[in-house]
Amino acid sequence: MIRIYNTLTQKKEEFRPIEPGKVRMYVCGMTVYDYCHLGHARVLVAFDVVTRYLRHRGYDVEYVRNITDIDDKILRRADENGEAYTSLTDRMIQAMHEDEARLGVLSPDEEPRATAYIDDIIAMIQQLIAGGHAYAADNGDVYFSVESFPDYGKLSKKKLDDLIAGARVDVQEAKRSPADFALWKAAGPGEVSWQSPWGDGRPGWHIECSAMSTRCLGNTFDIHGGGPDLLFPHHENEIAQSECATGHTFVHTWMHAGAIRVNKEKMSKSLGNFFTIREILETYPAEVVRYFLVSSHYRSQVDYSEENLAEAGRTLTRLYHALRGIVPASSGEVPETEHDRRFAEVMDDDFNTAGAISVLHAVANEINQLRRDGEDQAARRSAAVLVRLGAVVGLLQQDPEAFFQADTGSDLTAEEIERMIQARADARKDKNFAEADRIRDELADKGIVLDDSREGTTWRRA
RNA sequence: GGCGCGGUGGCAGAGUGGUUAUGCAGCGGACUGCAACUCCGUGUACGCCGGUUCGAUUCCGACCCGCGCCUCCA
């Protein structure tokens, strides 16, 4: 039985999909006006693990993650760049797909783009107006009337009175209440726009997710996820829009990832302290970044630091060492082990990847012991377990040599390194240890570490 | 101010009413020409004060500290 923490009820609940065996999940994806940063990576990886694990447990998962490709920030950035907004969004979408692939994030089943759902968006706004939940203002905007939805605030636990009194929200003449938010924004002269019953304009920020999720997954679906800062207002507003438009419960389980921090401050656009994924991947192997993200629980806050990434690298290296130089048995031939059961036990508890990783280490330890004792067949079976459990969290799927020898940052080619290793082997045979050590030191200076074993010497990047 | 989350060993990070998290780093030993890798062994923990309990790091309350959202942000 899988238990998931539900932001709506603020507790872990037994997960029961609406349709047995089938999971419908929607995750808020990117607004594509810039490269993805580490915070995006966290959400991508977190829900990638959720999807992989649910499938591992036998569920048929329909995973939808949208792309918001029309929005004020996009238009502003395109304008600054002097390019068409579609050229900006095309570029950023392609970059996002590259980043995802490098992090081992599987593609969602559907990736709806807001601009392809304008008709659905307009239809939903019409439903809201017809139901008395929205109104067209004199300026051509259409607003959602927050007071028309008694449950407003149920996700973020906010009281409408506090929101209005706090009123850091836009106070605009056209709004009936300061907490009302735009469903449709009238276009200014020369701005990108679509035709609508209220004049030319574009969708507001929140409506596209309501329209796309409903269109792709139905009025009510199982899981809706996203980053921590979407909880309010974005997800709160989605609930209001969808439940008022359809008359049905929108989502059963709300999941939110924890924030990434840098130097004890939240990493955010407004603070300007964010790292893009591609920036980080210049310094660290992608799988190390993924390991770093998976090594703590998806809801906890994590601190990005060089020290933490370096440690993730050392730890992942240990796991790959266990797999080095042996061919895992075929997984189908290895029945469920105690490790598989333990892994499922911790993952069933709200996707506890930190606990799952401790199981991975236990398996690696077992492999190393078996190899020490010459139990090669048993070691191959345990290796199969390690690889199949690693797959569920998206780790350890590379050939170990590829992991060890990629991105050396060294000028030496593999051939040159092999030649030096051979020269060292010759020197050792002649008991010329001074020369052997000189070669080893020279390689170390260039970021190459040697590992000696009975079978010979292998190398890896430091 | 409103709402919410958290304080675990040198560091990272799970978890539990009484019994080993795990990893990194450290220390001792084995292996090694010496190292690295690996193996064996090993130390240091649950913010503070009360309460409940036979027993609390784990439940309850107060306090201190940190953080997030309330504004574009994943």
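Lettering follows sequence order; numbering is per chain, from 1.
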Using atom C1' of each nucleotide, how far apart are B:rC11 and B:rC46 to the nearest Å? 16 Å
Using a heavy-atom cut-off of under 4.0 Å over every strand shown, decide if A:Ala257 touches base, sugar-phosphate, or nothing. nothing
Parallel, tilted or perpendicular, as decided by the 30° and 60° cut-offs, for the rings of A:Tyr291 and A:His361: perpendicular
Below 4.0 Å: OP1/OP2 of B:rC39 and any side-chain N or O of A:Asn368: yes
For the ring pair A:Phe404 and A:His321, is the centre-to-centre distance below 6.0 Å? yes
Charged N to carboxylate O under 4.0 angstrom, A:Asp90 versus A:Arg113? yes
Let me check I have this right: for RNA chain B, each base becomes ., (, ), [, ] or |, based on Watson-Crick or G-U pairs with both distances under 3.5 Å. What is the full string? (((((((..(((.....[...))).(((((.......)))))....(.(((..]....))).))))))))....
Measure CZ/A:Arg454 against P/B:rU38 and give the value in whole Å, please. 15 Å
Where does the angle between the aromatic ring planes of A:His37 and A:Phe274 fall among parallel (under 30°), tilted (30 to 60°) and perpendicular (over 60°)? tilted
Under 4.0 Å, counting only non-hydrogen atoms across every strand here, what does A:Ile260 touch: a base, just sugar-phosphate, or nothing? base
Taking B:rA30 as the reference, what is the distance to B:rA35 when you measure between their P atoms (whole Å, please)? 11 Å
Counting heavy atoms from C-beta on, name the nucleotide in B:rG23, B:rA36, B:rC69 closest to the side chain of A:Arg460. B:rA36
Report the distance from atom CZ of A:Arg424 to atom C1' of B:rA36, rounded to the nearest whole Å. 9 Å
Indicate, with a heavy-atom threshold strictly under 4.0 Å, whether A:Gly153 touches base, sugar-phosphate, or nothing. nothing
Looking across every strand, which nucleic acid part, if any, lies under 4.0 Å from A:Ser300 by heavy atom: base, sugar-phosphate, or nothing? sugar-phosphate
Before accepting this row, confirm whether a basic side-chain N of the pair A:Glu442/A:Lys446 lies closer than 4.0 Å to the acidic partner's carboxylate O. yes
Of A:Ser156 and A:Gln369, whose nearest nucleotide on RNA chain B comes first from the 5' end? A:Ser156
Identify the pairs formed between an N or O of the protein and an N or O of nucleotides 15-21 of chain B at a distance under 3.5 Å, and give each distance.
none

Between A:Glu287 and A:Tyr320: side-chain donor-acceptor atoms closer than 3.5 Å: yes
Residue A:Ala436, side-chain atoms from C-beta onward, closest of B:rC73, B:rC70, B:rG33: B:rG33
For atom P, what is the distance between B:rU57 and B:rG17, given to the nearest Å? 13 Å
When you compare B:rC39 with B:rG6, how far apart are their C1' atoms, in angstrom units rounded to a whole number? 38 Å
Candidates B:rC39, B:rC69, B:rG2 - which lies nearest the side chain of A:Arg372: B:rC39
Base, sugar-phosphate, or nothing: which does A:Ile357 touch, judged by heavy atoms less than 4.0 Å apart? nothing
Take atom P in B:rC24 and the same atom in B:rC37, then report the distance between them in whole Å. 10 Å
P gap between B:rU58 and B:rG15, integer Å: 15 Å
Students often mix this up, so state it plainly: with edges at 30° and 60°, are the rings of A:His235 and A:His256 parallel, tilted or perpendicular? tilted
Spacing of A:Leu103 atom CG relative to B:rA74 atom P, expressed in whole Å: 16 Å
So what does A:Asn365 touch, heavy atoms closer than 4.0 Å: a base, only the sugar-phosphate, or nothing? sugar-phosphate
Would you confirm whether the ring centroid of A:Phe250 sits within less than 6.0 angstrom of the ring centroid of A:Phe221? yes
Between C1' on B:rA14 and CD on A:Glu345, what's the gap in Å once rounded to a whole number? 13 Å
Protein-nucleotide distance (A:Phe404, atom CZ; B:rC37, atom C1'), rounded to Å: 9 Å
Provide the distance between the two P atoms, one in B:rG10 and one in B:rG2, to the nearest whole Å. 36 Å
Test: A:Glu147 and A:Arg176 ion pair at under 4.0 Å: no
Parallel, tilted or perpendicular, as decided by the 30° and 60° cut-offs, for the rings of A:Phe351 and A:Tyr298: perpendicular
If you take atom types as modelled and just measure distance, does the side chain of A:Asp452 reach the base of B:rA35 with a donor-acceptor pair under 3.5 Å? yes
Counting any heavy atom closer than 4.0 Å, what does A:Gln10 reach on the DNA or RNA strands: base, sugar-phosphate only, or nothing? sugar-phosphate
Any N/O donor-acceptor pair, A:Arg440 side-chain to B:rA35 base, under 3.5 Å: yes
Would you mind classifying the nucleic acid contact of A:Lys158 as base, sugar-phosphate or nothing, using non-hydrogen atoms under 4.0 angstrom? base
With a 4.0 Å cutoff (strictly under), does any side-chain N or O of A:Lys269 reach OP1 or OP2 of B:rA74? yes
Side chain of A:His40: nearest nucleotide among B:rC39, B:rA74, B:rC5? B:rA74
Below 4.0 angstrom from OP1 or OP2 of B:rC69, is there any side-chain N or O of A:Lys266? yes
Testing the 3.5 Å rule here: is there a donor-acceptor pair between the side chains of A:Thr51 and A:Asp48? no
Side chain A:Gln301 and base B:rG68 donor-acceptor under 3.5 Å: no
Rounded distance in Å between the P positions of B:rA45 and B:rC31: 33 Å
A:Asp349 with A:Lys12: basic N within carboxylate O range, under 4.0 Å: yes
One thing to verify: whether A:Arg342 and A:Glu345 come together as a salt bridge, which I'm taking to mean a side-chain N less than 4.0 angstrom from a carboxylate O. yes
Whole-Å distance between B:rC73 P and A:Ile74 CD1? 11 Å
Would you mind classifying the nucleic acid contact of A:Ser268 as base, sugar-phosphate or nothing, using non-hydrogen atoms under 4.0 angstrom? base
Hey, is A:Arg419 close enough to A:Glu416 for a salt bridge, meaning N to O under 4.0 Å? no
Is the shortest side-chain N/O distance from A:Trp205 to OP1 or OP2 of B:rC73 below 4.0 Å? yes
Pick base, sugar-phosphate or nothing for A:Arg428, based on heavy-atom distances below 4.0 Å to the nucleic acid. base
Starting from the 5' end of RNA chain B, give me the residue, A:Asp303 or A:Val359, whose nearest nucleotide shows up first. A:Asp303
Would you mind telling me which of B:rC67, B:rG4, B:rC24 lies closest to the side-chain atoms of A:Arg314? B:rC24
Given the structure, check if the side chain of A:His37 and the base of B:rA74 hold any donor-acceptor pair shorter than 3.5 Å. yes
Is A:His361 near enough to B:rU22 that one of its side-chain N or O atoms lies under 4.0 angstrom from OP1 or OP2? no
Rounded interatomic separation in angstrom, taking CG from A:Leu395 and C1' from B:rG23: 14 Å
OP1 or OP2 of B:rC39 sitting under 4.0 Å from any side-chain N/O of A:Arg318? yes
Please report the distance, rounded to the nearest Å, between CG in A:Leu319 and P in B:rU22. 14 Å
